[in-house]
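A short write-up of the structure that comes next.
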Amino acid sequence: MNSAEKTFIENTPRMKIDLVDEEVPCSTECLRRTNLGEVLADESFREQLEILDSIISLIQDNVISLKNKVEDQLLHLGVDVDNTIYAIYRLVKEGGDLIFGSDYLKYNERIIFQGDFNSLNTVYKKISSMREDQDVKALCDQIRNLTEATWRLVNKNLRRMFEGGS
């Protein structure tokens, strides 16, 4: 095992999936921008990384689908779409609730909407409804499951490949 492979195993480079803030192992493009780009010279590694790239692409497709649903149902109300996507994803994944301020609605310090009480209440009800929507839940579950699959791929296949080659 060369030093780049050892570093990869000990400290897998990470990237974040936009809007849902999930960390996944670096994709091929991301890895090229690190000091570990030399691991890409290994053809077996590249093949496993292609699988990882495909899973990350599926995650991003699901995030885009979630974004489209949020925009369709809430954009006209003036919500911060990015923060709302994050909130809905986290609410489905982790539970919890939105926080009402005097003129804002937020989740984990992210402002989702600002306005008067009636508007806040309308947005709150819409988001509560969306987080119970089966299609939204399915998208969030797929994002979570695929994110976990990226780490399983790294932990099982790539680590075993490097460790078996030493």
Side-chain angles (χ1 to χ4, degrees), residues 1-75 79-96 98 106-113 127 130-166:
M1 176 179 347
N2 69 36
S3 65
E5 292 169 344
K6 186 175 191 262
T7 302
F8 181 88
I9 288 171
E10 291 172 354
N11 192 16
T12 304
R14 301 162 185 256
M15 59 184 256
K16 283 203 182 224
I17 300 294
D18 289 338
L19 302 176
V20 293
D21 249 9
E22 283 289 2
E23 278 196 343
V24 295
C26 259
S27 65
T28 303
E29 242 354 92
C30 170
L31 208 52
R32 280 192 181 112
R33 293 188 302 260
T34 71
N35 59 347
L36 300 177
E38 71 185 68
V39 297
L40 296 171
D42 182 322
E43 187 176 333
S44 298
F45 179 79
R46 275 196 324 271
E47 288 171 1
Q48 292 297 316
L49 213 52
E50 286 175 12
I51 296 168
L52 179 65
D53 290 344
S54 295
I55 295 170
I56 291 171
S57 180
L58 287 171
I59 294 168
Q60 291 167 331
D61 289 348
N62 281 301
V63 171
I64 289 168
S65 295
L66 181 59
K67 180 179 183 175
N68 291 339
K69 284 195 167 292
V70 168
E71 286 177 342
D72 288 349
Q73 295 187 33
L74 297 169
L75 184 63
V79 300
D80 181 306
V81 172
D82 292 356
N83 288 346
T84 303
I85 294 164
Y86 172 83
I88 290 172
Y89 173 72
R90 294 290 167 175
L91 287 166
V92 170
K93 180 183 174 193
E94 300 166 358
L98 300 173
K106 71 179 181 177
Y107 182 80
N108 283 358
E109 302 306 317
R110 294 181 183 218
I111 302 291
I112 293 167
F113 179 76
I127 290 173
M130 283 190 76
R131 80 187 268 198
E132 297 301 323
D133 179 276
Q134 291 306 311
D135 291 339
V136 170
K137 280 183 171 183
L139 284 170
C140 294
D141 288 345
Q142 284 181 11
I143 293 166
R144 180 179 42 81
N145 292 335
L146 289 167
T147 298
E148 291 169 2
T150 64
W151 290 107
R152 280 193 305 275
L153 177 72
V154 167
N155 290 327
K156 290 184 178 173
N157 297 19
L158 295 175
R159 289 181 196 275
R160 184 177 22 205
M161 184 184 74
F162 283 152
E163 291 166 349
S166 43

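We're numbering straight along the sequence, starting at 1.
- The closest side-chain heavy-atom distance from Ile17 to Tyr89 is not below 4.5 Å.
- If you take CG on Asp18 and CD1 on Ile59, they are separated by 12.0 Å, rounding to the nearest 0.5 Å.
- One distance of note links CG of Leu146 with OG1 of Thr150; it measures 8.5 Å at 0.5 Å rounding.
- Side chains of Arg131 and Val136 form no contact here, defined as non-hydrogen atoms less than 4.5 Å apart.
- Put simply, CG on Asp82 and NZ on Lys67 are 5.5 Å apart, with the number rounded to the nearest 0.5 Å.
- To the nearest 0.5 angstrom, Gln60 atom CD is 10.5 Å from Ile143 atom CD1.
- Between the CD1 atom of Ile112 and the CD1 atom of Ile85 there is a distance of 11.0 Å, given to the nearest 0.5 Å.
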* **Working for salt bridge (Lys or Arg N to Asp or Glu O under 4.0 Å), residues Arg144 and Asp141** => CA-CA 5 Å; Arg144 180 179 42 81; Asp141 288 345; 3.2 Å; yes
* To do: Determine, stepwise, if the pair Trp151 / Arg14 fulfils side chain to side chain contact (heavy atoms under 4.5 Å, CB included).
  => CA-CA 10 Å; Trp151 290 107; Arg14 301 162 185 256; 3.7 Å; yes
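- Contact check for Asp61 versus Ser57: side-chain heavy atoms found under the 4.5 Å cut-off.
- Side-chain atoms of Thr34 never come within 3.5 Å of backbone atoms of Cys30 as a donor-acceptor pair (strictly under, hydrogens ignored).
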* Kindly indicate, with the supporting measurements, whether the criterion side chain to side chain contact (heavy atoms under 4.5 Å, CB included) is fulfilled by Arg110 and Asp21. => CA-CA 12 Å; Arg110 294 181 183 218; Asp21 249 9; 2.8 Å; yes
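- Looking at Asn62, its side chain never comes within 3.5 Å of a backbone N or O of Leu139 through a donor-acceptor pair.
- Minimum interatomic distance between Leu49 and Cys26 (heavy atoms only, all atoms of both residues): CD1-O, 4.0 Å.
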* Could you go through the side chain to side chain contact (heavy atoms under 4.5 Å, CB included) check for Thr12 and Asn155 one step at a time? => CA-CA 10 Å; Thr12 304; Asn155 290 327; 5.7 Å; no
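- No side-chain heavy atom of Thr28 sits less than 4.5 Å from a side-chain heavy atom of Glu50.
- The environment of CD in Glu43 is sparse: at most 12 heavy-atom neighbours from other residues, nucleotides or ligands sit within 6.0 Å.
- Note that Arg90 lies outside the cation-pi zone of Tyr107, set by a 6.0 Å cut-off to the ring centre and a 45° limit from the axis.
- Annotation: side chain of Glu22 is in contact with side chain of Lys93 (closest heavy-atom distance under 4.5 Å).
- Smallest separation of non-hydrogen atoms from Leu40 and Arg32: CD1-CG, 3.4 Å.
- At least one donor-acceptor pair closer than 3.5 Å links the side chain of Thr84 to the backbone N or O of Asp80.
- Listed here is the closest heavy atom pair of Pro13 and Phe8: CD-CD1, 3.6 Å.
- No side-chain heavy atom of Phe113 sits under 4.5 Å from any side-chain heavy atom of Ile127.
- Nearest heavy atoms, Ile88 versus Cys140: O-SG, 4.3 Å.
- Summarising the geometry, atom CE belonging to Met130 is positioned 10.0 Å from atom CG belonging to Asp135; distances are rounded to the nearest 0.5 Å.
- Within the 3.5 Å criterion, the main-chain N or O of Thr7 finds no donor-acceptor partner in the side chain of Asn11.
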